[in-house]
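In this chain, numbering begins with 1 at the start of the sequence shown. In listed order, ligands and their atoms are each counted from 1.
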Amino acid sequence: MWSSSVTTGAELSIAGITAKTLAKEFGTPAFFIDEADFRERALAWDKALKDAFGLHAGTVYYASKAFICTEVARWIKEIGIGIDVSTGGEMAVALAGSIDPAKIEVHGNNKSLGEIEKAISVGVESIVIDSLYEIERVAAAAKKAGKVQAVLLRITPGIQAHTHESIATAHEDVKFGFSIASGAAWAAIAAVRTHPSLELRGIHAHIGSQIFGYKSFEILSERLISLLAQYRDEFKSELPELDLGGGYGIAYLPGDETVNPAEAMNALAAAVTKNCGAHKLQIPRVSIEPGRAIVGPTMFTLYEVGTVKDVTLENGTHRRYISVDGGMSDNIRPSLYGAEYTTILANRTSTAPHVSSRLVGKHCETGDIVIREIDLPDDIVPGDLLAVPATGAYGRSMASNYNHVPRPPVVAVKDGKARVIVRRETEADLLRLDI
Ligand SMILES: Cc1ncc(COP(=O)(O)O)c(C=O)c1O
């Protein structure tokens with residue numbers, strides 16, 4: 001839930017700096033990212049993949065959609081793992097952070113021609129193709145550039161991952177990929193093979209996000225490996241790459257489980273080895289794309305309380321509404337898919353009894369809820385600071401300017417020093433686009 005350098009006993013601190021000091025220097029709301037923790041998590045996934053798969057370890061591609069900025073792209077480059085981008089914008093940030101294009105994998109279910117041409121011209125490692133149209137577009141763009149582009153096909157394996165509907169991505173009724181069951185995957189393989197400007201290197205699937213347990217990943221490897229075997233039987237050659245996507249879950253609430261990288265990779269390696277053995281197939285290079293599991297727990301959001309209001313409900317009970325200075329513009333996940341968070345009083349300790357409270361934002365929507373129900377000290381007053389952990393993934397990256405609220409900064413904290421890596425938006429930023 002919290003990153004490794006956070007202490008929460010008395011006043012919250014991260015890497016030795018207290019919440020009060022941070023709020024004074026950087027204002028609120030703000031995201032604070034624990035740099036050492038980010039690096040440790042990325043390295044842990046890299047090590048886990050290498051330890052579990054040995055010679056067959058492919059690449060850990062950090063899923064940049066979870067959160068990216070130029071400085072974090074520099075960290076990725078230094079750590080030495082790859083990156084998955086799904087738009088031209090994410091690719092631009094990766095390149096601005098000097099990530100070697102040969103470590104960039106390009107996703108997206110509707111890449112523009114411009115995005116495809118840019119990816120090919122900078123020399124990305126691979127493009128994961130998502131539709132028949134895109135096969136033609138990538139082939140034509142590669143031909144025009146005089147290149148042979150390495151591609152993977154995004155496959156829909158027909159798996160109902162146990163997570164929220166909006167973040168389950170591999171059952172049949174989704175916009176992503178080529179379905180195995182309907183024969184679309186096989187048609188796509190045949191279509192790619194007709195283009196000399198494309199080199200089919202393998203297949204990819206991503207079953208969803210915030211997934212626990214390894215069963216879905218085992219079924220995924222079984223289905224994809226049987227497609228690889230079908231390919232070998234038909235074309236008498238083997239595809240060298242298998243990318244099994246991201247989706248590993250993290251803890252948001254006290255007591256939540258979290259996925260252990262070594263355990264997850266050992267389970268995956270066991271499943272891949274078993275399924276390849278069953279088909280007498282060589283083990284391909286296996287890659288993964290964790291986003292949330294790397295960046296999620298590394299950040300917390302610090303808010304300042306602005307108002308506290310008790311309302312009387314129809315049944316005569318009371319509900320306390322605590323309003324903070326951010327909300328759905330910096331964390332859309334609770335309103336988007338009922339995601340749950342916790343919070344703690346960050347600027348002081350309190351011995352006051354706890355009362356059931358609802359933490360809300362400052363936006364003009366009743367649904368602007370950060371935490372629907374949580375017991376918080378009775379003596380919380382305007383000016384207090386509240387810290388919400390595990391906001392690193394899909395928080396700042398999904399932030400909006402709803403109500404023309406400037407988006408919060410991201411501040412990196414390490415060894416007692418804090419520095420802004422994404423500055424706070426200003427009203428001038430908001431006005432800059434208006435003609
Ligand atoms: C193709 C692909 N890979 C990886 C990810 C990262 O998922 P997570 O952050 O849950 O690890 C996503 C998330 O949507 C995705 O669509």
Checklist entry - Quick check, are the ring centers of Y394 and Y337 under 6.0 angstrom apart? => result no
Checklist entry - Closer than 4.0 angstrom: is that true for some heavy atom of Y61 and an atom of ligand 1? => result no
Item to check | Ring-ring centroid check H107 H204, cutoff 6.0 Å | outcome: yes
Next on the checklist: Polar contacts were defined as any N/O atom of the residue lying under 3.5 Å from an N/O atom of the ligand; does this apply to G291 and ligand 1?
Outcome noted: yes
Item to check | Salt-bridge contact E125-R201 (side-chain N to carboxylate O under 4.0 Å) | outcome: no
Next on the checklist: Which of the numbered atoms in ligand 1 are under 4.0 angstrom from any heavy atom belonging to G246?
Outcome noted: 4 (C), 11 (O)
Checklist entry - Under 3.5 Å between some N or O of ligand 1 and some N or O of R154? => result no
Checklist entry - Which atoms from ligand 1 have a heavy atom of E289 less than 4.0 Å away? => result 1 (C), 2 (C), 3 (N), 4 (C), 5 (C), 6 (C), 11 (O)
Checklist entry - Got an N/O contact under 3.5 Å between H107 and ligand 1? => result no
Checklist entry - Taking the six-membered ring of F176, is the NZ or CZ of R154 close enough (under 6.0 Å from the centre) and on axis enough (within 45°)? => result yes
Checklist entry - Aromatic rings W186 and F235: how do their planes relate, parallel, tilted or perpendicular, breaks at 30° and 60°? => result parallel
Next on the checklist: Counting only heavy atoms closer than 4.0 Å, does ligand 1 sit against the backbone of D84, its side chain, both, or neither?
Outcome noted: side chain
Checklist entry - Hey, is E218 close enough to K274 for a salt bridge, meaning N to O under 4.0 Å? => result no
Checklist outcome for this item: Note: ligand 1 atoms sitting under 4.0 Å from heavy atoms of Y394 are 6 (C), 7 (O), 8 (P), 9 (O), 13 (C)
Next on the checklist: For F217 and Y248, take the angle between the two ring planes, folded into 0 to 90°, and tell me which bin it lands in: parallel under 30, tilted 30 to 60, perpendicular over 60.
Outcome noted: parallel
Next on the checklist: Please report whether ligand 1 has a polar contact with G208, defined as an N or O pair separated by less than 3.5 Å (distance criterion only).
Outcome noted: no
Checklist entry - Considering only heavy atoms of K65, which atoms of ligand 1 have at least one such atom less than 4.0 Å away? => result 1 (C), 2 (C), 3 (N), 12 (C), 13 (C), 14 (O), 15 (C), 16 (O)
Next on the checklist: Less than 4.0 Å is my threshold; does some heavy atom of P290 fall inside it relative to ligand 1?
Outcome noted: yes
Checklist entry - Which is closest to atom 8 (P) of ligand 1 in terms of heavy atoms, A393, G108, S209, A66? => result S209
Next on the checklist: Strictly below 4.0 Å, N to O, side chains only: are R74 and E71 in salt-bridge contact?
Outcome noted: yes
Checklist entry - Are any of the side-chain nitrogens in D84 or K65 under 4.0 Å away from the carboxylate oxygens of its partner? => result yes
Checklist entry - Atoms of ligand 1 less than 4.0 Å from G247 heavy atoms? => result 7 (O), 8 (P), 10 (O), 11 (O)
Checklist outcome for this item: The answer for which part of H206 has a heavy atom under 4.0 Å from ligand 1 is side chain
Next on the checklist: Show the atoms of ligand 1 that are less than 4.0 angstrom away from any heavy atom in A63.
Outcome noted: 4 (C), 5 (C), 6 (C)
Next on the checklist: Is a donor from one side chain sitting under 3.5 angstrom from an acceptor on the other, for E115 and T87?
Outcome noted: no
